[in-house]
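Right, one structure below, let's go through it.
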Amino acid sequence: DAGVIQSPRHEVTEMGQEVTLRCKPISGHNSLFWYRQTMMRGLELLIYFNNNVPIDDSGMPEDRFSAKMPNASFSTLKIQPSEPRDSAVYFCASKFGLETGANVLTFGAGSRLTVL
Amino acid sequence: AQKVTQAQTEISVVEKEDVTLDCVYETRDTTYYLFWYKQPPSGELVFLIRRNSFDEQNEISGRYSWNFQKSTSSFNFTITASQVVDSAVYFCALSDQNAGNMLTFGGGTRLMVKP
């Protein structure tokens with residue numbers, strides 16, 4: 001298996017622009033998570049899906065952030081409009097099942113976003 | 001509320017030294033899982049180990065070992081005979097039913113192993 005695949009790996013954009021980050025989870029995994037990593041706040045859970053349905057988006061910082069999962073093999077995290085404080089590494093992760101904490105979360109390589 | 005504390009933000013050792021990374025957790029659940037992840041300079045998060053709350057046996061995997069003590073709510077990670085390739089940020093994480101089995105991470109410990 002190729003693991004969790006994220007794109008782009010690096011994105012540099014200007015304030016006000018729309019940013020779309022993409023994720024392909026591991027085949028067979030039915031839970032998908034978006035995390036953000038910054039120096040100040042560490043790893044934060046933004047939103048997670050189970051069977052393509054958003055379960056908890058309480059970690060999404062603002063209305064400028066939105067996430068979708070149109071099917072089992074694809075998810076997007078969109079920021080519109082982007083701001084410099086959104087600069088961070090965004091990780092997508094997936095696992096099988098949501099009802100138990102035993103299953104291991106597998107992370108993608110991350111998308112490093114820089115907003116100028 | 002669940003919480004994971006890694007008090008050591010940065011540790012520097014010389015190659016071949018042993019080093020222990022501390023992790024203290026808080027949870028109200030009796031059933032929970034503890035994890036360690038490694039984040040090397042390349043940036044990805046790599047799973048190292050998972051432990052459930054009913055298994056307090058220590059685990060050893062090569063130069064890595066983990067000490068789980070429920071009495072002190074700790075899940076410490078020891079690297080024996082450290083190597084330069086061990087340089088990374090290490091994260092401890094907790095998953096419990098009270099938080100919907102979501103993974104909560106500690107702040108991470110940056111380990112620098114010097115030659």
Side-chain angles (χ1 to χ4, degrees), chain A residues 1-11 23 26 29-50 53-60 88-114, chain B residues 1-10 23 25-55 59 61 66 68 75 88-110:
Chain A
D1 198 319
V4 177
I5 300 173
Q6 292 187 246
S7 65
R9 290 294 312 278
H10 302 274
E11 174 93 6
C23 175
I26 290 175
H29 283 188
N30 62 347
S31 296
L32 183 141
F33 303 76
W34 283 99
Y35 280 85
R36 178 172 69 175
Q37 185 179 33
T38 60
M39 289 293 292
M40 293 298 295
R41 301 174 68 91
L43 278 159
E44 305 173 274
L45 177 64
L46 300 178
I47 185 172
Y48 66 92
F49 296 82
N50 182 239
V53 176
I55 303 300
D56 187 346
D57 65 354
S58 59
M60 296 285 259
V89 179
Y90 291 81
F91 286 100
C92 177
S94 70
K95 71 173 185 176
F96 177 74
L98 194 64
E99 65 285 353
T100 173
N103 296 343
V104 175
L105 202 54
T106 301
F107 284 81
S111 294
R112 181 176 294 277
L113 173 64
T114 303
Chain B
Q2 58 168 202
K3 186 179 176 182
V4 178
T5 302
Q6 295 180 255
Q8 306 148 307
T9 54
E10 200 166 289
C23 173
Y25 62 92
E26 293 177 29
T27 177
R28 290 178 291 180
D29 285 348
T30 56
T31 301
Y32 53 89
Y33 297 86
L34 295 162
F35 301 78
W36 276 94
Y37 281 82
K38 174 182 180 180
Q39 187 174 38
S42 51
E44 71 272 26
L45 281 158
V46 179
F47 165 75
L48 294 178
I49 189 172
R50 172 193 58 206
R51 216 76 184 127
N52 76 58
S53 52
F54 298 107
D55 183 0
E59 181 153 340
S61 176
W66 290 269
F68 176 29
F75 186 42
V89 180
Y90 292 86
F91 291 94
C92 181
L94 166 71
S95 175
D96 68 14
Q97 293 174 327
N98 191 48
N101 291 315
M102 292 304 101
L103 204 58
T104 297
F105 286 88
T109 297
R110 180 178 299 279

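Computed from a predicted structure; not experimentally measured. Residue numbers start from 1 in every chain, and the chains themselves are labelled A, B, ... in the order their sequence lines are given, proteins ahead of strands.
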Can you find a side-chain donor-acceptor pair between B:Asp29 and B:Thr27 that sits under 3.5 Å?
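Note: B:Asp29 and B:Thr27 side chains miss the donor-acceptor criterion.
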With a 4.5 angstrom heavy-atom cut-off, could you sort out which part of B:Ser42 is near chain A: side chain, backbone, both or neither?
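Just its backbone gets close to chain A.
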Would you call the rings of B:Tyr32 and B:Tyr25 parallel, tilted or perpendicular if under 30° counts as parallel and over 60° as perpendicular?
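It falls in the tilted class, 30° to 60°.
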For the side chain to side chain contact (heavy atoms under 4.5 Å, CB included) test, which of A:Tyr48, A:Phe33, A:Phe91 pairs with A:Leu105?
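One option only clears the test, and that one is A:Phe33.
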Would you say B:Phe75 and B:Arg51 make side-chain contact, with heavy atoms under 4.5 Å?
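A side-chain contact exists here, since the closest heavy-atom pair is under 4.5 Å.
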Could you tell me whether the side chain of B:Ile49 reaches within less than 4.5 Å of the side chain of B:Ser61, counting heavy atoms only?
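They are not in contact (no side-chain heavy atoms under 4.5 Å apart), so the answer is no.
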Please find the pair of heavy atoms, one from A:Ala109 and one from A:Gln6, that lie closest to each other, and give the distance.
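For A:Ala109 versus A:Gln6, the nearest heavy atoms are N-OE1, 3.7 Å.
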Quick check: closest heavy atoms across A:Ser94 and A:His29, and the distance to 0.1 Å?
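For A:Ser94 versus A:His29, the nearest heavy atoms are OG-ND1, 2.8 Å.
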Checking A:Val89 against chain B: side chain, backbone, both or neither under 4.5 Å from a heavy atom?
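Neither part.
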Side chain, backbone, both or neither: which part of A:Gln37 has an atom under 4.5 Å from a heavy atom of chain B?
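When you check distances to chain B, only side chain atoms of A:Gln37 fall under 4.5 Å.
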Chain A contact residues among residues 33-41 of chain B, heavy-atom distance under 4.5 Å
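Counting heavy atoms that sit under 4.5 Å from chain A, the residues of residues 33-41 of chain B involved are B:Tyr33, B:Phe35, B:Tyr37, B:Gln39.
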Options B:Leu45, B:Thr31, B:Leu94, ranked by heavy-atom pairs under 4.5 Å with chain A, top entry
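Ranked by heavy-atom pairs under 4.5 Å with chain A, first place is B:Leu45.
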Under the side-chain contact (heavy atoms from CB on, under 4.5 Å) criterion, do B:Leu103 and B:Phe91 qualify, and how do the steps go?
CA-CA 11 Å; B:Leu103 204 58; B:Phe91 291 94; over 6 Å; no
